[in-house]
Q: 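Dropping the structure in here first, questions after.
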Amino acid sequence: PALVSLRDVTKVFSNGVTALAGFNLDVVAGEFVSLLGPSGCGKSTVLRLIAGLAQPTEGSITWPGATGADHRGEIGFVFQDPTLMPWSSVADNVWLPLRLRGVSKRDARDRIAESLALVGLSDFAKAYPRELSGGMRMRVSIARALSLKPRLLLMDEPFAALDEIARFRLNDDLLRLQGELRCTVVFVTHSVYESAYLSSRVAIMSGRPGRIVAEVRGERRAER
Ligand code: ADP
Ligand code: ADP
């Protein structure tokens with residue numbers, strides 16, 4: 001069964017904008033799905049709905065393949081802008097999601113170290129965000145999303161602000177990470193290259209209101 005299933009979802013914002021109408025998407029465990037489409041077609045709205053940060057106006061979002069009641073704890077969200085806390089060290093930034101769940105820094109220590117190792121930043125635990133390059137800051141933000149060991153990683157144009165070299169490196173890091181963690185990824189981008197390179201499936205969206213107009217296979221196999 002699908003890990004998460006969106007059925008006939010409509011999202012109308014309070015200002016009257018219909019961001020999505022009759023939107024359907026099944027995300028299967030282990031796949032890397034890209035949502036590809038122009039700005040404003042509703043890609044971020046889809047991620048926010050899956051994460052429970054917004055509610056659908058109509059339609060349903062169900063978790064047929066999720067185990068346990070609190071599936072939201074199993075979601076990691078990587079935003080377009082890394083939004084790290086500038087006054088906190090890299091380690092403390094990665095600790096944040098655990099801290100919000102009441103996990104002490106002492107108990108979080110192994111998880112923080114593990115997450116930083118996954119993104120290649122073990123030597124930078126004590127550094128501050130301002131001391132890091134844009135690519136490194138994005139990797140901290142990915143480590144932060146991984147600290148909860150999510151089954152589902154939602155990424156909203158995470159590499160859009162980076163130069164191409166940083167972007168290519170992070171694309172490869174992300175593929176390695178998914179292979180190691182065997183997590184499911186929903187990745188939002190407006191780069192055709194990125195979607196084809198990273199994904200097992202590309203859902204092409206068009207607006208407005210946003211919906212999926214075509215689906216194609218990407219270059220990757222789904223992790224099972
Ligand atoms: P994308 O991620 O594809 O750029 P979004 O999901 O951010 O698209 O937005 C889809 C549409 O919904 C856009 O027209 C946007 O202006 C509108 N929108 C998004 N969030 C809100 C909001 N909180 N209030 C009102 N309109 C919004
Ligand atoms: P960007 O492309 O945004 O500058 P990168 O992540 O490619 O960001 O890193 C830029 C530079 O930062 C690298 O060339 C390297 O000198 C240093 N750096 C990045 N990650 C590490 C790391 N894990 N260990 C040591 N140095 C690093």
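In listed order, ligands and their atoms are each counted from 1. Note: hydrogens, waters and symmetry copies are ignored here, and every other heavy atom, side chains too, is used. Since we're looking at a predicted model, the values are computed, not measured.
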Q: Would you indicate whether the side-chain heavy atoms of Leu152 and Ile50 approach each other to under 4.5 Å?
A: yes
Q: Does any N or O of ligand 1 fall below 3.5 Å from an N or O anywhere on Gly40, backbone included?
A: yes
Q: Given that the side chain starts at C-beta and the backbone is N, CA, C, O, which of these parts of Ser14 lies under 4.0 Å from ligand 1, counting heavy atoms, or is it both or neither?
A: neither
Q: For Arg48, is there an ion pair with Asp156 - N to carboxylate O distance below 4.0 angstrom?
A: no
Q: Give the atoms of ligand 1, by number and element, whose distance to some non-hydrogen atom of Thr45 is under 4.0 Å.
A: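 The atoms of ligand 1 under 4.0 Å from a heavy atom of Thr45 are 5 (P), 6 (O), 9 (O).
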Q: With a 3.5 Å cut-off and no angle check, do the side chains of Asn93 and Ser88 form a donor-acceptor pair?
A: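 No, because no side-chain N or O of Asn93 sits under 3.5 Å from a partner of the opposite role on Ser88.
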Q: So which protein heavy atom does atom 25 (C) of ligand 1 come closest to, and at what separation?
A: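 So the nearest neighbour among protein heavy atoms is Asn15 ND2, 3.1 Å.
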Q: Report the part of Val17 in contact with ligand 1, treating N, CA, C, O as backbone and CB onward as side chain, heavy atoms under 4.0 Å; options are side chain, backbone, both, neither.
A: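 It is the side chain that touches ligand 1; the backbone stays farther off.
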Q: Inspect the contact between Lys105 and Asp92 and indicate whether a charged nitrogen and a carboxylate oxygen are less than 4.0 angstrom apart.
A: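 Looking at Asp92 and Lys105, the cut-off is met.
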Q: For ligand 1, is there an N or O atom under 3.5 Å from any N or O atom of Ser39?
A: no
Q: Among all protein heavy atoms, pick the one closest to atom 27 (C) of ligand 1 and tell me residue, atom and distance.
A: Phe13 CD1, 3.3 Å
Q: Taking 4.0 angstrom as the limit, do Glu114 and Lys149 come out as a salt bridge?
A: yes
Q: With heavy-atom distances below 4.0 Å as the criterion, list the atoms of ligand 1 near Lys43.
A: 1 (P), 2 (O), 3 (O), 4 (O), 6 (O), 8 (O)
Q: Could a heavy atom of Pro38 be found less than 4.0 Å from some atom of ligand 1?
A: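 Flag set, Pro38 near ligand 1.
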Q: Could you check, using the six-membered ring where one of them is a Trp, whether Phe32 and Tyr197 have ring centers closer than 6.0 angstrom?
A: no
Q: Quick check: does Gly42 get an N/O under 3.5 Å from an N/O on ligand 1?
A: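 Among all N and O atoms of Gly42, at least one is under 3.5 Å from an N or O of ligand 1.
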Q: Under 4.0 Å and counting heavy atoms only, is there anything from the protein next to atom 16 (O) of ligand 1?
A: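 So far as the 4.0 Å threshold goes, atom 16 (O) of ligand 1 is out of reach of every protein heavy atom.
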Q: Does the side chain of Thr189 come under 3.5 Å of the side chain of Glu194 through a donor N or O and an acceptor N or O?
A: yes
Q: Using a distance-only test with no angle check, is there a side-chain donor-acceptor pair under 3.5 angstrom linking Ser34 and Ser199?
A: yes
Q: Which atoms of ligand 1 have any heavy atom of Ala19 under 4.0 Å away?
A: 10 (C), 11 (C), 12 (O)
Q: Verify the neighbour count for atom CD of Glu164: are there more than 12 heavy atoms of other residues, nucleotides or ligands below 6.0 Å?
A: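 Atom CD in Glu164 is not packed in, count stays at 12 or less.
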Q: Who's closest to atom 2 (O) of ligand 1 heavy-atom-wise, of Cys41, Ser44, Gly210?
A: Ser44
